[in-house]
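Computed from a predicted model, the values in this text were never measured in an experiment. Atoms within each ligand, like the ligands themselves, are counted from 1 in listed order.
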Amino acid sequence: MTEPTPASLADRVSEGEIRFHELEAHADANTAAAARRRLVSETADADVDALGEYAFDAADAHGSNIENMVGAVQVPMGVAGPVAVDGGALSGERYLPMATTEGALVASINRGCSVVNDAGGATARVTKSGMTRAPIFRVADVAEAEALVSWVRDNEGVLREAAESTTSHGELLDVTPYVVGNNVYLRFRYDTKDAMGMNMVTIATREACDEIEAETDASLVALSGNLCSDKKPAAINAVEGRGRSVAADVEVPREVVEERLHTTPESIAEINTRKNLVGSAKAGGLGFNAHVANAVAAMFLATGQDEAQVVEGANAITTAETTPEGDLYLSVSLASLEVGTVGGGTGLPTQAAGLDILGVRGGGDPAGSNGDALAEAIAVGALAGELSLLAALGSRHLSSAHADLGR
Ligand SMILES: CC(C)(COP(=O)([O-])OP(=O)([O-])OC[C@H]1O[C@@H](n2cnc3c(N)ncnc32)[C@H](O)[C@@H]1OP(=O)([O-])[O-])[C@@H](O)C(=O)NCCC(=O)NCCSC(=O)C[C@@](C)(O)CC(=O)[O-]
Ligand SMILES: NC(=O)C1=CN([C@@H]2O[C@H](COP(=O)(O)OP(=O)(O)OC[C@H]3O[C@@H](n4cnc5c(N)ncnc54)[C@H](OP(=O)(O)O)[C@@H]3O)[C@@H](O)[C@H]2O)C=CC1
């Protein structure tokens, strides 16, 4: 039998003989992707050859990372740093890998890193950890809602045993109930170690839900009831945390602010208050920061994180003040940074290289330490970005920087 070619496969799809999304059952994944490019190209009347330039075996991505694969989008990657970090899990000097198409962004964070180094380095710590899944149950009325809440409080051990039967790494930390009339939301929170954990906690919570339905009158409406809350702006994540809550800070001597950043500690502190705090409050924002999403998104893409979770990663508050000595104290606290160094996109070769640059690829020793270290690295990237952008606003260099580097 002759080997299928992209052209022969595309013809068979066009004739209705095989399905577009089942091409991998008839050819290797790279050939299947090439066949889809032909079909897409014909339908759209577009040249999509550039999508076929990728540096991994499609078989490694198809089925676990992507369906209907046609190729890959390439995002340029740069590094900022190296930057000196004193973290709970990450210590030493690190380059920060960043994938972006926004000119001036890496330059800005690079400047921030250089100034952080001049200040003696940044401190970073993970202060809370736990990935959540919150199923919604239907009950008859509020009396039954209270009965379910009591049952959950009395039977956390039962739920833990059921949930943890599905994973050798995950640990159920707690279950917090929320009642709205005849709706009961149970927010399960897990230590997922080095995994971001959404697959892990979804599978584990499903097992616990079976137990609840067997032992109570409640009916599961949906495994996710949006109090989790995954991939949506939500105050619960900003207040309670989700994934890792991580903070970083630095104290920058006045002369370094003046010489390297062309502004003053007072100016940076004032801009932070009027822009990041008052301005965000007036806007009804959840992110009381300047551009934490920039560092989060660029490092997420560079290290194989789930890019939709930049939504939660941007739940961050930046504080800036002048110390009694006249220096600048700057901090950034990310309430809900959802990261992993195993699973998801972390195993793809270019993303794994991003993790290798930080020295955090794969499972940590102890388990969870690589996830913590990645969170600390991203927090330091965000801190450097806040420092540089606030300074650029203070020195009125924002528009000229982007005119020079960003277009
Ligand atoms: C562009 C700079 C850094 C110039 O800043 P500068 O101080 O004029 O530059 P410099 O030539 O004196 O260099 C200072 C340091 O910056 C770095 N640096 C300088 N140039 C480069 C480069 N080409 N590539 C890599 N690194 C660079 C480098 O570390 C260098 O130190 P050195 O190594 O020379 O000792 C500065 O003006 C700046 O940071 N501007 C702010 C830009 C910024 O932060 N943009 C972020 C994106 S804005 C956005 O997306 C969100 C927004 C703004 O809408 C959010 C909001 O509402 O606030
Ligand atoms: N299902 C959903 O609702 C959602 C899924 N996602 C997707 O989920 C994926 C991420 O889920 P996630 O569960 O992290 O990844 P995976 O589904 O890839 O699972 C990771 C698994 O790795 C194993 N593992 C090996 N070493 C370690 C270690 N050191 N620490 C922790 N686990 C380890 C664990 O197996 P074991 O459990 O057997 O111990 C763990 O369950 C992403 O692709 C994301 O896009 C995103 C949002 C929602």
Side-chain angles (χ1 to χ4, degrees), residues 61 64-66 78-81 83 98 100 102-118 131 133 163-171 190-206 223-224 228 230-231 243 259-263 271-272 275-276 279-280 283 285 287 289-295 297-298 300 304-309 312 314 318 338-348 361-371 384-406:
S64 52
N65 296 108
I66 193 79
V79 291
V83 61
M98 308 202 151
T100 184
E102 183 178 11
L105 177 61
V106 174
S108 176
I109 296 180
N110 197 37
R111 177 170 78 154
C113 288
S114 161
V115 172
V116 163
N117 288 340
D118 286 352
M131 179 48 82
R133 184 47 105 197
E164 292 181 4
S165 71
T166 66
T167 169
S168 57
H169 286 84
E171 292 170 15
Y190 298 83
D191 180 350
T192 59
K193 309 296 178 190
D194 295 303
M196 180 274 281
M198 275 317 293
N199 281 338
M200 182 200 282
V201 308
T202 303
I203 294 163
T205 304
R206 173 65 225 238
L223 191 49
S224 169
C228 315
D230 195 39
K231 304 182 177 176
E259 281 164 27
R260 301 293 321 279
L261 295 171
H262 328 295
T263 184
I271 293 167
N272 190 66
K275 168 189 168 65
N276 287 344
S280 298
N289 62 78
H291 68 143
V292 166
N294 265 333
F300 268 32
Q305 308 306 306
D306 187 327
E307 62 274 9
Q309 292 178 327
E312 286 89 279
T318 300
E338 296 143 343
V339 290
T341 59
V342 300
T346 62
L348 291 170
R361 177 178 181 177
D365 183 16
S369 56
N370 273 357
E386 293 295 276
L387 179 59
S388 183
L389 176 52
L390 288 170
L393 291 165
S395 62
R396 306 198 175 182
H397 282 160
L398 178 63
S399 61
S400 58
H402 284 260
D404 289 347
L405 290 171

Is there side-chain contact between [X] and [Y], with heavy atoms separated by less than 4.5 Å?
X      : Y      : answer
Arg361 : Thr341 : no
Leu393 : Arg396 : no
Leu105 : Met98  : no
Thr346 : Met196 : no
Asn294 : Glu102 : yes
Met198 : Gln309 : yes
Val79  : Asn110 : no
Arg206 : Ile203 : no

Ligand 2 contact on [X] by region, counting heavy-atom pairs under 4.0 Å:
X      : answer
Asn65  : neither
Thr167 : both
Asp194 : both

Could you list the atoms of ligand 2 found under 4.0 angstrom from a heavy atom of [X]?
X      : value
Ser168 : 36 (P), 37 (O), 38 (O), 39 (O)
Asp230 : 47 (C), 48 (C)
Thr192 : 30 (N), 31 (C)
Gly343 : 15 (O), 18 (O)
Val342 : 27 (C), 32 (N), 33 (C)
Gly363 : 29 (N)

Side chains of [X] and [Y]: is there a donor and an acceptor less than 3.5 Å apart?
X      : Y      : value
Thr167 : Tyr190 : no
Ser224 : Arg133 : yes
Arg260 : Ser114 : yes

Measure from [atom] to the protein's non-hydrogen atoms and state whether any distance is below 4.0 Å.
atom                    : answer
atom 19 (C) of ligand 1 : no
atom 9 (O) of ligand 1  : no
atom 21 (C) of ligand 2 : no
atom 45 (O) of ligand 2 : yes
atom 24 (N) of ligand 1 : yes
atom 34 (O) of ligand 1 : no
atom 54 (O) of ligand 1 : no

Q) With the threshold set at 4.0 Å, does a side-chain nitrogen-carboxylate oxygen contact exist between Glu312 and Lys231? A)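 No salt bridge links Glu312 with Lys231.
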Taking [atom] as the reference point, the nearest protein heavy atom with its distance:
atom                    : value
atom 31 (O) of ligand 1 : Arg260 NH2, 3.2 Å
atom 58 (O) of ligand 1 : Lys275 NZ, 2.5 Å
atom 45 (N) of ligand 1 : His402 NE2, 2.9 Å
atom 41 (C) of ligand 1 : Ala392 CB, 3.4 Å
atom 6 (N) of ligand 2  : Met198 CB, 3.7 Å
atom 28 (C) of ligand 1 : Asn110 ND2, 3.8 Å
atom 39 (O) of ligand 1 : Ser388 OG, 2.8 Å
atom 52 (C) of ligand 1 : Leu389 CD2, 4.4 Å
atom 38 (C) of ligand 1 : Arg111 NH2, 3.5 Å

Quick one: pull up [atom1] in [X] and [atom2] in [Y] and give me the separation to the nearest 0.5 Å.
X      : Y      : atom1 : atom2 : result
Ser388 : Leu261 : OG    : CG    : 6.5 Å
Cys113 : Asp118 : SG    : CG    : 11.5 Å
Asn276 : Leu390 : CG    : CG    : 5.5 Å
Glu386 : Ser108 : CD    : OG    : 9.5 Å
Thr263 : Ile271 : OG1   : CD1   : 6.0 Å
Lys275 : Leu389 : NZ    : CG    : 6.0 Å

Q. Heavy atoms only: which of Met200, Arg133, His169, Glu338 is nearest to atom 3 (O) of ligand 2?
A.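 It is Arg133 that holds the nearest heavy atom.
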For ligand 1, note which part of [X] has a heavy atom under 4.0 Å away: side chain, backbone, both or neither.
X      : value
Ala107 : both
His291 : side chain
Asn294 : side chain

Q. Would a distance-only check, ignoring hydrogens and angles, find a side-chain to backbone donor-acceptor pair under 3.5 Å from Asp194 to Gly368?
A.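 Yes, the answer is positive, given that a donor and an acceptor are paired below the 3.5 Å cut-off.
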Considering distance alone, does some N or O of [X] sit under 3.5 Å from an N or O of ligand 2?
X      : answer
Asn199 : yes
Lys231 : no
Asp306 : yes
Gly170 : no

(Q) Contact between ligand 2 and Gly340 is defined here as a heavy atom of the residue under 4.0 Å from a ligand atom; is it met? (A)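 Gly340 does not count as a contact of ligand 2 under the 4.0 Å cut-off.
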Q | For Glu102, the ligand 1 atoms whose distance to one of its heavy atoms is below 4.0 Å | A |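 Answer for ligand 1: 47 (C), 48 (S), 49 (C), 50 (O).
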Q | Per-atom contacts of ligand 1 with Ala290, taking only distances under 4.0 Å to non-hydrogen atoms | A |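 Numbered from 1, ligand 1 contributes 55 (C), 56 (C), 58 (O).
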(Q) Is there a polar contact between ligand 1 and His262, counting only N or O atoms under 3.5 Å apart? (A)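 Between His262 and ligand 1, an N or O pair is found under 3.5 Å apart.
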Q: Report the C-alpha distance between Met131 and Met200 in whole Å, list the side-chain angles of each, state the deciding distance to 0.1 Å, and finish with yes or no for side-chain contact (heavy atoms from CB on, under 4.5 Å).
A: CA-CA 9 Å; Met131 179 48 82; Met200 182 200 282; over 6 Å; no
Q) Between Glu338 and Gln305, does a side-chain contact (heavy atoms from CB on, under 4.5 Å) hold up when you go through it step by step? A) CA-CA 8 Å; Glu338 296 143 343; Gln305 308 306 306; over 6 Å; no
